[in-house]
Amino acid sequence: MAQNGAVDQLSEAEAEAELARLAKEITRANAAYHQQDAPDISDADFDALKARNLAIEARFPHLKRADSPSEQVGASPADGFAKVTHAVRMLSLSNAFDAEDIADFDDRIRRYLGLSDDTPLAFTAEPKIDGLSLSLRYEAGRLVQAATRGDGAVGENVTANARTIDDIPEAIAGAPDVLEVRGEVYMSHADFEALNARQAEAGGKTFANPRNAAAGSLRQLDSSITKSRPLRFFAYAWGEISAPLSETQMGAIERLAELGFHTNSLTRLCDGTAEMLAHYVAIEQQRANLGYDIDGVVYKVNDLELQRRLGFRSTTPRWATAHKFPAELAWTRLEAIDIQVGRTGALSPVARLQPVTVGGVVVSNATLHNEDYIAGLDSKGQSIRDGKDIRVGDWVQVYRAGDVIPKVADVDLSKRAEGAQPYVFPETCPECGSAAIREEGDAVRRCTGGLICPAQAVEKLKHFVSRAAFDIEGLGAKQVEMFYRDDQLPVKEPADIFTLATRDGANLSKLANRDGWGAKSAENLFAAIEDKRRIPFGRLLFALGIRHVGEQASNLIARTYGSWGEFTGAMDAAAAMQGPEWERLLGIDGVGEVMARSLVTAFAQNEERASIDRLTAHLIVEETAAPDTEGSPVAGKTVVFTGTLERMTRAEAKARAEALGAKVSGSVSAKTDLVVAGPGAGSKAKKATDLGIEIIDEDGWLDLIGEA
Ligand code: AMP
Ligand code: ZN
């Protein structure tokens, strides 16, 4: 094919066609990269296209197009930006995390300079802006160059882009002849949200946080895109200068402000560590309201002569440090407490927060666990948070650890509004009005509405179609909610899913004709449902969403009873929670009394059972063969997989292990027999080592089970 043919074998006509194709392809790829910030081919592939274009042009110079991609200056992502060698290196900052670190910082400086403990030593304290640093070079008062930090020694030339930022003056009066102003490019929360909304609407890429958005916007090869992005700039430092700005850090900042730069109004001169720490707390408390992200407070020795004497370590100045906020904590206002009703009727209080960035993510909701937690009590009735309760309107501390749902950790009583009332936890379900009761020993209040509670019904349906359950393509949480409220084609319980197609066939108005649907999507949905009529026993049981009965337990039970008929018969026989079938259920390793009760109750002849039977009437439930574990080296062993598996997915590894009669657990305990650790394995592998449990890698595992 001429398209991919060797350049030296192209005919003239083929070359012409190929140049046209390449021009189009490169322009498209460029647009994807620059205008949408969403490159759709790799840099290497892009380079290859450009190289091919150049090679053809070299062979057929007369065919070179007027719009040749080789003539588009500065548009190639692979060529990137021109490099700038910084006259004075752009460094990073050492970190401090608590008062002790700050005392050490002060101490180290005194020792280095030979100052006694009672010699005054002043520092500036200012917010550490979470953006990206930029160095602006002014010569004779005119902006001549802007460069990113890069690796500190060499950055990227982004002058054209910097000129589009309103906060960056093009000309300054009364400055030294050479002045490099350094500071942070950032995006405000409001601008960030508006940008993401615009991007989403245009089908473009959205950004994870304001810092990414700022970096992505500044590092554009087409400055008209940067211009369309709402970037801002705070000046806080300088590089090469032909004459000193001041004798002090504070004076220099003031000078920068006079020259027309934005400097941070929270910059303070502090007499010593006590004042620094006090200012740190003040800044942390205002963090949520600043309207932009900061991740700590920077302290700098105020006397510039001392800064000069202190100098630098390899990558950080000795005269400054960044006092970081605890990674994932922030203070904000609790605006309301909403109650969500879950699949099992649990009433969960959710904190609606004034949006705040916690660890780079904007958080506006957090869990409050349960009513005791709000009241300042733990599950045993002991006081937590020194007994402080949480009230609507309070200043609360939001905490986020990894991917888990953010939590409200603490409350600041000094900021509580006068007249704030203790929160009264509802005793009826906000969704269906049924009584919500707390059983003895249960921390959770639950709606007693059962299937009449719409919230429970919808949550049950969502669970039913979820990934580990029926996993029906095209039928997710959103669609389930829509169908639940639909008059024409209602889905009130799982069984209704399997009559959707027939009911739609009988209806006058068809799903295919609705907004958001078409013939194809309706057809696909019905086919996907049809596809799941045949379902493994374990999946079905898990999908029912019976309280306490998780995925592992469901598979365990399926393996024990083998067939659905055998199982439901056994549940009927165990209904009185006594006798041989009850004992058999309790005898399953992994099924405790609580789970057994919950199971038997669900299958007792009642409405819930009727709903289950209506469902299974539409299904073919696959039997689960008891695993043939004869000769299996891992039968009966408890195995934990951790870290990244490279030759199979977690799900696959787990299924394989279970087929060999192993029990797969998510956490390491004394009961664990074996840990299979891939790269990146962290705390679990460490715990296993501490407990003296055997750890093998993925290859070792495959070896063990005879699949190497
Ligand atoms: P790090 O890269 O985390 O070691 O921190 C150093 C970076 O913090 C600098 O390169 C700046 O981009 C940034 N920074 C933000 N605010 C300030 C500030 N007020 N003073 C100094 N550096 C700051
Ligand atoms: Zn309810």
Side-chain angles (χ1 to χ4, degrees), residues 86 88-97 123-136 147-153 155 180-187 210-211 214-215 218 232-239 249-250 252-253 256-257 261-268 276 279-280 283 287 290 292-302 307 312-317 319-325 327 339-348 360 426-437 444-460:
H86 297 298
V88 176
R89 287 209 302 146
M90 291 181 80
L91 293 162
S92 128
L93 291 167
S94 63
N95 289 329
F97 296 95
F123 294 86
T124 57
E126 66 196 288
K128 183 168 191 288
I129 319 297
D130 200 4
L132 72 155
S133 46
L134 185 66
S135 184
L136 305 169
T148 62
R149 180 167 80 170
D151 63 4
E180 283 182 6
V181 177
R182 291 178 175 178
E184 204 83 351
V185 173
Y186 68 101
M187 199 178 280
R211 179 167 39 98
L218 182 67
R232 296 162 191 248
F233 181 78
F234 272 130
Y236 52 67
W238 55 93
Q249 176 75 29
M250 201 64 193
I253 300 299
L256 289 175
F261 293 93
H262 291 255
T263 56
N264 196 288
S265 61
L266 290 171
T267 309
R268 291 274 180 288
M276 287 148 72
H279 194 48
Y280 170 89
I283 290 176
R287 189 181 182 188
L290 294 177
Y292 52 86
D293 280 354
I294 62 173
D295 59 350
V297 175
V298 184
Y299 307 125
K300 297 170 183 168
V301 169
N302 189 43
Q307 281 193 14
F312 300 88
R313 302 181 203 89
S314 61
T315 61
T316 58
W319 44 265
T321 197
H323 188 174
K324 293 284 187 86
F325 292 133
I339 301 290
Q340 277 177 359
V341 183
R343 167 167 63 84
T344 58
L347 268 51
S348 310
E427 295 185 354
T428 55
C429 171
E431 299 285 339
C432 72
S434 305
I437 58 162
V444 174
R445 193 172 280 280
R446 285 171 206 276
C447 160
T448 53
L451 293 175
I452 70 139
C453 178
Q456 288 189 51
V458 169
E459 291 308 312
K460 263 191 184 276

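Ligands are counted one by one from 1 in listed order, and the atoms in each one are counted from 1 as well.
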Is there a donor-acceptor contact under 3.5 Å linking the side chains of T344 and R446? yes
Minimum heavy-atom separation for V444 and L347, please, with both atom names. CG1-N, 4.2 Å
Using 30° and 60° as the class boundaries, would you call the ring planes of H323 and Y280 parallel, tilted or perpendicular? parallel
Output yes when a side-chain donor or acceptor of R149 lies under 3.5 Å from a complementary backbone atom of L91, and no otherwise. yes
Output field for angle at the Zn ion (ligand 2), C432.SG vs C453.SG, rounded to 10°, should show 110°
Please output the residues near ligand 1 using a strict heavy-atom distance under 4.0 Å, listed in chain and residue-number order. L91, S92, L93, E126, P127, K128, I129, S133, R149, E184, Y236, V298, K300
Does H279 reach the main-chain N or O of T267 with its side chain, forming a donor-acceptor pair under 3.5 Å? no
Polar side chain donor-acceptor pair, S434 to T448, under 3.5 angstrom: no
